[in-house]
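In what follows, every chain begins at residue 1, and chains take the letters A, B, ... in the order their sequences are listed.
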Amino acid sequence: MSYKAPRGTTDILPEDAKKWQWVEETIKQVCNKFHYEEIRTPVFEHTEVFQRGVGNTTDIVQKEMYTFEDRGGRSITLRPEGTAPVVRSFVEHKLHGLANQPTKLYYFAEMFRYERPQKGRMRQLNQFGVEVLGSADPAVDAEVIDLAMTCYQEMGLTSLKLVINSLGDKESRENHRQALIAHFTPHKHELCSDCQTRLQNNPLRVLDCKQDRDHPAMQTAPSILDYLNEESEAYFEQVKDYLDNIGIPYEIDKNLVRGLDYYNHTAFEIMSEAEGFGAITTLAGGGRYNGLVEELGGPNTPGIGFAMGLERLLMALEAENQVIPVDRSLEAYVVAVDEQAQKEAVMLVSKLRKHGVQADKDYLGRKMKGQFKAADRYAAKYVLIIGENELEEQTITVKEMSTGEQATVAKDQIIDVMKEKCVGGREHE
RNA sequence: GCGGCCGUGGCGAAGUGGUUAACGCACCGGAUUGUGGCUCCGGCACACGUGGGUUCGAUCCCCACCGGUCGCCCCA
């Protein structure tokens with residue numbers, strides 16, 4: 001074996017691709033019900049979109065981006081997340097000027113992050129995400145969370161936990177930031193090296209350090225929730241009220257800060273609590289980002305969104321033993337006995353397909369028995385047999401595989417008969 | 001970036017410092033000269049991750065690298 005897919009990437013083979021199709025279909029239906037529209041942005045962007053959008057102090061920008069120079073000397077980055085590109089597109093095309101506001105968007109996109117792969121973490125990963133731009137109504141925060149939870153529920157997941165927090169507005173964050181610096185600075189030399197630099201660049205992120213989790217200063221650290229100003233406090237209360245009203249249970253985690261710089265006010269994560277899920281339990285994460293549109297050159301526009309990892313979603317379905325409905329059957333398999341019959345078979349499958357019947361035949365010169373074995377493996381519902389007798393009498397023998405029953409059909413009626421059995425049957429489902 | 005475990009045919013999986021490296025599944029064919037799922041028989045298979053080293057000899061021992069996997073950091 002000479003070539004392999006690069007580290008952290010994987011091929012989705014036909015059997016799994018069917019599961020992906022089902023997941024995407026299910027989610028799209030939810031989006032449609034919530035009245036969100038799809039947006040597609042390029043796989044790569046100017047590096048600066050992420051530096052400015054995601055934030056230079058974040059892990060994503062500092063060590064995870066696939067950045068390269070193109071032949072024109074531009075710095076290009078494979079998108080590591082979806083929000084910054086969508087906002088860039090929103091600004092570039094002045095979607096804020098459209099009549100229908102807020103702008104409610106969703107996307108399916110592959111993301112790229114240079115990390116060491118492990119269970120639930122790939123270098124190329126697939127996310128479904130949602131962004132709502134142009135409304136600062138806390139009801140939108142609840143709607144977006146509702147949408148995410150609905151997707152999971154539609155697919156049958158139950159072992160989920162929704163965790164929310166508020167990061168407050170700019171003023172609240174700044175006050176909290178000062179308090180954090182004042183609180184941790186006396187203990188600076190006791191913290192891990194990462195936290196020592198975090199304390200300077202982004203003290204908020206000291207809070208979710210796993211290494212220093214048990215440090216006494218961590219337990220007594222000032223909580224953002226104690227530094228929310230009146231407005232931020234009220235906003236958070238309203239979000240919680242809306243969640244209560246639409247019946248979505250949640251937990252508050254005052255240490256939930258999220259890794260991206262653009263968040264403010266509502267932050268949330270949805271985690272799997274299924275047994276044997278793996279060490280990484282976050283299925284989806286998101287939050288409000290009221291300053292991001294402006295940061296990327298647009299008008300002052302509030303926004304909120306989330307992204308869910310689709311690989312992790314599939315993992316969660318497996319961990320909860322959710323069976324994904326996948327139809328592997330084939331409607332019609334044409335068996336032909338000899339060379340002349342094979343010519344007839346080629347014409348027959350073509351005609352069947354044009355009339356809406358799913359059809360296939362042998363292409364490996366297998367004997368009759370082998371062709372039947374193949375039909376069986378494909379879970380064919382019907383086998384259409386073209387043998388010497390049939391050729392002579394201008395008929396086709398139709399065998400129903402589940403019962404073994406056979407019937408002889410005149411050649412010029414076979415299409416009608418099969419349409420009735422297959423196409424008609426589908427419409428009645 | 002750091003650490004644990006792992007690397008034999010398409011898949012699964014034995015095995016040994018020394019002749020042709022088991023076996024199972026899958027696949028193809030035959031028993032059944034036009035009919036599947038069972039059984040029996042036969043066949044097929046580009047396999048010891050790569051490169052060094054130890055050795056008379058290495059799939060096996062040592063080292064490095066690559067890859068996989070799980071975990072740490074962080075995140076979807």
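Rounded to whole Å, the separation between the C1' atoms of B:A21 and B:G15 comes to 8 Å. Spacing between B:U32 and B:G37 at atom C1', rounded to whole Å, works out to 15 Å. Nucleotides B:C25 and B:C63, compared at atom C1', are 37 Å apart to the nearest Å. Taking atom P on both B:C70 and B:A58, the two are 35 Å apart, rounded to the nearest angstrom. Taking atom C1' in both B:G57 and B:G67, the straight-line distance is 29 Å, to the nearest Å. With both ends at atom P, the span from B:A45 to B:C23 equals 14 Å, rounded to whole Å. Here the separation of B:A76 from B:C38, taken at their P atoms, is 48 Å to the nearest Å. Spacing of P atoms, B:G52 relative to B:G42, comes out at 42 Å, to the nearest Å.
The side chain of A:Met368 lies closest to B:U35, out of B:C74, B:U35, B:C28. The side chain of A:Arg377 lies closest to B:C27 when the candidates are B:A76, B:C27, B:C74.
Residue contacts for A:Lys399: at a heavy-atom cut-off of 4.0 Å it reaches a base atom on one of the strands shown. A:Glu390 comes within 4.0 angstrom of a nucleotide base, judged by non-hydrogen atoms across all strands. Heavy atoms of A:Arg113 sit under 4.0 angstrom from at least one base atom. When heavy atoms are screened at a 4.0 angstrom cut-off, A:Leu310 is found touching no nucleic acid atom at all. Using a 4.0 Å heavy-atom criterion, one finds that A:Met122 contacts the bases of the nucleic acid, with or without backbone contacts as well. Residue contacts shown for A:Gly387 include a base, since a base heavy atom lies under 4.0 Å away. Within the nucleic acid shown, A:Leu364 has no heavy atom closer than 4.0 Å to any nucleic acid atom. Using a 4.0 Å heavy-atom cutoff across all strands shown, A:Asp338 reaches no nucleic acid atom at all. At a threshold of 4.0 angstrom between heavy atoms, the contacts of A:Ala375 with the nucleic acid are absent. Among the atoms of the strands shown, none is found under 4.0 Å from any heavy atom of A:Glu311. Among the protein residues, A:Gly278 comes within range of the sugar-phosphate backbone only, with heavy atoms under 4.0 Å from sugar or phosphate atoms but none that close to a base. The residue A:Glu115 sits close to a base: some heavy atom pair falls under 4.0 Å. A:Arg116 comes within 4.0 angstrom of a base, heavy atoms only. Nucleic acid contact for A:Glu388: base, since at least one base atom lies under 4.0 Å from a heavy atom of the residue.
Taking only side-chain nitrogens and oxygens, A:Lys63 never comes nearer than 4.0 Å to OP1 or OP2 of B:C73. Residue A:Arg7 places none of its side-chain N or O atoms closer than 4.0 Å to OP1 or OP2 of B:U69. For the pair A:Arg121 and B:C74, the criterion of a side-chain N or O lying under 4.0 Å from OP1 or OP2 is not met. At least one side-chain nitrogen or oxygen of A:Gln118 sits closer than 4.0 Å to the OP1 or OP2 atom of B:C72.
With a 3.5 Å ceiling on both atom-pair distances, the Watson-Crick or G-U wobble partner of B:C11 is B:G24. Under the Watson-Crick and G-U wobble criteria, each requiring two contacts below 3.5 Å, nucleotide B:G1 is paired to B:C72. Of all nucleotides present, only B:U39 satisfies the Watson-Crick or G-U wobble test against B:A31, with each distance under 3.5 Å. Base pairing annotation: B:A64 forms a Watson-Crick or G-U wobble pair with B:U50, both donor-acceptor distances under 3.5 Å. In a base pair of the Watson-Crick type (N1 to N3 plus N6-O4 or O6-N4) or a G-U wobble (N1-O2 and O6-N3), with each distance short of 3.5 Å, B:G57 is matched with no nucleotide.
For the pair A:Lys240 and A:Phe236, the cation-pi test (distance below 6.0 Å, angle within 45°) is passed. For the pair A:Lys28 and A:Phe108, the cation sits on the ring face: its NZ or CZ lies under 6.0 Å from the ring centre, inside 45° of the axis.
One interatomic measurement links the two molecules: CZ of A:Arg328 to P of B:G37, which rounds to 21 Å at whole-angstrom precision. Rounded to whole Å, the distance from CE on A:Met315 to P on B:C75 is 17 Å.
Side-chain contact annotation: A:Thr41 with A:Tyr107, donor-acceptor N/O pair under 3.5 Å absent.
Judged by distance alone with a 3.5 Å cut-off, no donor-acceptor contact links the side chain of A:Glu110 to the base of B:A76. With hydrogens and angles ignored, no donor-acceptor pair under 3.5 angstrom links the side chain of A:Lys369 to the base of B:U35.
Note that NZ of A:Lys161 and CE of A:Met271 are 4.5 Å apart. Values are rounded to the nearest 0.5 Å.
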